Amino acid sequence: MSTPVNVVVTGAAGQIGYALLFRIASGAMLGPDTPVNLRLLEIPQAVKAAEGTAMELNDCAFPLLANIDIYDDATKAFDGANIGLLVGARPRGPGMERADLLEANGAIFKPQGEAINAGAADDIKVLVVGNPANTNALIAQANAPDVPKERFTAMTRLDHNRAIAQLAEKTGATVSDITNMAIWGNHSPTMFPDLYNAKVKGQNAFEAVGSDLDWYRETYQPTVGKRGAAIIDARGASSAASAASAAIDHIHDWVLGTPEGDWVSMAIPSDGSYGVAEGIISSFPVTCSGGEYSIVQGLEIPEFAQEKIDATVAELVGERDAVKGLGLV
Ligand code: NDP
């Protein structure tokens, strides 16, 4: 058995943390041969709840779970970390403006970026789940100047998985019949699920839905984009298990690779591909191999798709400019 991988989970006592930790410890994220040390980071008021979760993790007797530590200090938690799942974030409160939200999250993600810079392992990989995820990732990245920029990513895999599930339902296919799905842009209702390059049983997905642009525009995109709100409405609580599952998928594929001929969606620092403003953390179709990802190049982007991508990218540029104005990046 190899040396355990140090995995930090922030917001570990929250809903997503509760759904995430057990799957990491079971081997779902890094595979059946990789033991893990779990490091649970929480704010002081939530440390006791994290201790309860740790007790339950112990009670599962997971063979791959080498150790659990609980922290309320980011510098200690990230010392020697190989993987960081940044889940804890400040939700938007009543009457809170966007600038207040960004500022409150800056107070969380700036010190976490500094802690990663100070002590994380050379191979650190970071996934930000806490919203606004793309911009929180940008804040952490900007405050970790010694860490390669590409190690900071944000989660659009839940949008990706939702886009696959909705397309399967529409076409009567199974989710495993669907390949080459891509989400572009921000993890927000403006994200764009790309049916022009996705495939259903090898057939172009847009053609598989009868080239129905009205359905694409009026039903499909809003259903995927507003799925989180629909779940809150039905369940009376926000999605947690599906978000945790998507986080597992994101890290799994980044570390262990994407299947031949397929790709996944990750929000990553833009290199300017497809005209996406360089430097923002935007979702692209990527392939992963050997622990690194690369943007899929040469895809056809029809006019409708380009307009949608431009709009979601503009939203991200607006968020970037706002956090720049606050001195956070
Ligand atoms: P959750 O575990 O439900 O959510 C955590 C974050 O994930 C939120 O920012 C949430 O965004 C985001 N998120 C991203 N995608 C999704 C999705 N599809 N569905 C739902 N959420 C999504 O929140 P809890 O309130 O249960 O727990 C948060 C925990 O974080 C608390 O225990 C708190 O103490 C902790 N915390 C820890 C910090 C730290 O470690 N330094 C800092 C701040 C908080 P959205 O709000 O938009 O739903």
Side-chain angles (χ1 to χ4, degrees), residues 7-23 38-54 69-78 81 84-94 96 98 100-116 126-137 139-140 143 153-163 165 183 186-189 191 224-250 265 267 281 283 319:
V7 180
V8 176
V9 177
T10 77
Q15 278 211 82
I16 294 176
Y18 192 70
L20 184 59
L21 290 162
F22 296 84
R23 295 201 54 209
L38 280 176
R39 293 156 165 230
L40 281 46
L41 178 64
E42 259 300 350
I43 52 175
Q45 309 87 284
V47 160
K48 186 153 185 245
E51 285 168 1
T53 305
D69 285 303
I70 301 168
Y71 300 90
D72 62 7
D73 178 322
T75 307
K76 289 184 186 147
F78 283 107
L85 294 155
L86 278 46
V87 178
R90 177 74 192 274
R92 190 188 286 259
M96 211 173 180
R98 187 178 72 156
D100 302 329
L101 181 72
L102 292 172
E103 194 160 18
N105 278 297
I108 295 166
F109 288 88
K110 186 172 189 288
Q112 289 183 358
E114 289 164 353
I116 289 167
V126 177
L127 167 63
V128 177
V129 174
N131 282 317
N134 302 51
T135 299
N136 287 340
I139 295 170
N143 289 282
T153 68
M155 190 168 90
T156 49
R157 186 61 177 265
L158 181 56
D159 308 286
H160 175 101
N161 290 345
R162 286 168 171 167
I183 299 294
N186 200 0
H187 170 63
S188 87
M191 59 86 230
V224 175
K226 296 180 186 161
R227 185 73 167 173
I231 287 169
I232 292 174
D233 195 40
R235 200 178 160 252
S238 64
S239 42
S242 53
S245 193
I248 295 280
D249 291 344
H250 178 116
S265 306
I281 301 213
S283 187
E319 288 181 18

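Not measured: the values here are computed from a predicted model. One-based numbering, in listed order, for ligands and for the atoms of each.
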Taken to the nearest 0.5 Å, the spacing of Ile16 CD1 from Leu85 CG works out to 11.0 Å
May I ask you to list the atoms of ligand 1 that are less than 4.0 angstrom from any heavy atom of Leu41? 40 (O)
Identity and distance of the protein heavy atom lying nearest atom 30 (O) of ligand 1: Gly11 CA, 3.2 Å
Do Met191 and Ser283 make a side-chain contact, defined as non-hydrogen atoms from C-beta onward lying under 4.5 Å apart? no
Tell me, which protein residue and heavy-atom name are nearest atom 28 (C) of ligand 1, and how many Å apart are they? Gly14 CA, 4.1 Å
Counting only heavy atoms, which portion of Ala89 has something under 4.0 Å from ligand 1: side chain, backbone, both, or neither? both
Among protein heavy atoms, which sits nearest to atom 46 (O) of ligand 1, and what does the distance come to when rounded to 0.1 Å? Pro91 CB, 3.8 Å
Give a yes/no on ligand 1: does Ala13 have at least one heavy atom closer than 4.0 angstrom to it? yes
Are Val128 and Phe109 packed together at the side-chain level, in the sense that at least one heavy-atom pair is separated by less than 4.5 angstrom? yes
Ser239 and Arg162: which non-hydrogen atoms are nearest, and at how many Å? OG-NH2, 3.4 Å
Nearest neighbour in protein (non-hydrogen) for atom 41 (N) of ligand 1: Gln112 NE2, 3.3 Å
Verify the contact flag for atom 25 (O) of ligand 1, where contact means a protein heavy atom under 4.0 Å away. no
Which option, Met155, Glu42, Gln15, owns the non-hydrogen atom nearest atom 33 (C) of ligand 1? Glu42
So which of Ala237, Ala244, Gly88, Ala12 gets nearest to atom 36 (N) of ligand 1, if we judge by its closest heavy atom? Gly88
d(Leu101 CG, Met96 CE) to nearest 0.5 Å is 5.0 Å
Is the shortest heavy-atom distance from the side chain of Leu158 to the side chain of Arg227 under 4.5 Å? no
Classify the contact between Val129 and ligand 1 as side chain, backbone, both or neither, using a heavy-atom distance cut-off of under 4.0 Å. both
How long is the straight-line distance from OG1 of Thr75 back to CD1 of Ile116, given to the nearest 0.5 Å? 10.5 Å
Of the side chain and backbone of Ser239, name the one, both, or neither that has a heavy atom under 4.0 Å from an atom of ligand 1. both
So is Arg90 in contact with ligand 1, going by heavy-atom distances below 4.0 Å? no
Per-atom filter on ligand 1: closer than 4.0 angstrom to a heavy atom of Ile108 are 42 (C), 43 (C)
Contact atoms of ligand 1, heavy-atom distance to Val87 under 4.0 Å: 5 (C), 6 (C), 7 (O)
Taking only heavy atoms of Ala46, which atoms of ligand 1 are found under 4.0 Å from at least one of them? 34 (O)
Atoms of ligand 1 under 4.0 Å from any heavy atom of Ala243, numbered from 1 in the order shown, are 17 (C), 18 (N)
So do Ile70 and Glu51 actually touch side chain to side chain, heavy atoms under 4.5 Å? yes
Please examine the side chains of Phe78 and Leu41, heavy atoms only from C-beta on, and report whether any two atoms are closer than 4.5 Å. yes
Paired with Leu86, the side chain to side chain contact (heavy atoms under 4.5 Å, CB included) test is passed by just one of Thr10, Leu127, Asn136, namely Thr10
Exactly one of His250, His187, His160 clears side chain to side chain donor-acceptor pair (under 3.5 Å) with Ser265, and that residue is His160
Need the ligand 1 atom indices (1-based, order shown) with element for anything under 4.0 Å from a heavy-atom of Gly130. 6 (C), 7 (O), 9 (O), 12 (C)
Is Gln45 in contact with ligand 1, taking contact as a heavy-atom separation below 4.0 Å? no
Protein residue, atom and distance nearest to atom 38 (C) of ligand 1, heavy-atom basis: Ile43 CG2, 3.8 Å
Nearest non-hydrogen contact to atom 18 (N) of ligand 1 from the set Leu20, Val8, Leu158, Thr53 belongs to Leu158
So Ile281 and Thr135, do their side chains get closer than 4.5 Å, heavy atoms only? no
Distance (rounded to the nearest 0.5 Å) between Ile108 CD1 and Ile139 CD1: 9.5 Å
Output the list of atoms in ligand 1 that are nearer than 4.0 Å to some heavy atom of His187, sorted by atom number. 15 (N)
Value for CD1 (Ile248) from CZ (Phe22), rounded to nearest 0.5 Å, stands at 12.0 Å
Polar contact flag for Ile16 and ligand 1 (N/O pairs, less than 3.5 Å): yes
Is it the side chain, the backbone, both or neither of Asn131 that has a heavy atom closer than 4.0 Å to ligand 1? both
In ligand 1, the atoms that come under 4.0 Å of a heavy atom of Thr10 are 40 (O)
Out of curiosity, Asn161 CG to Ser242 OG, how far, rounded to the nearest 0.5 Å? 9.0 Å
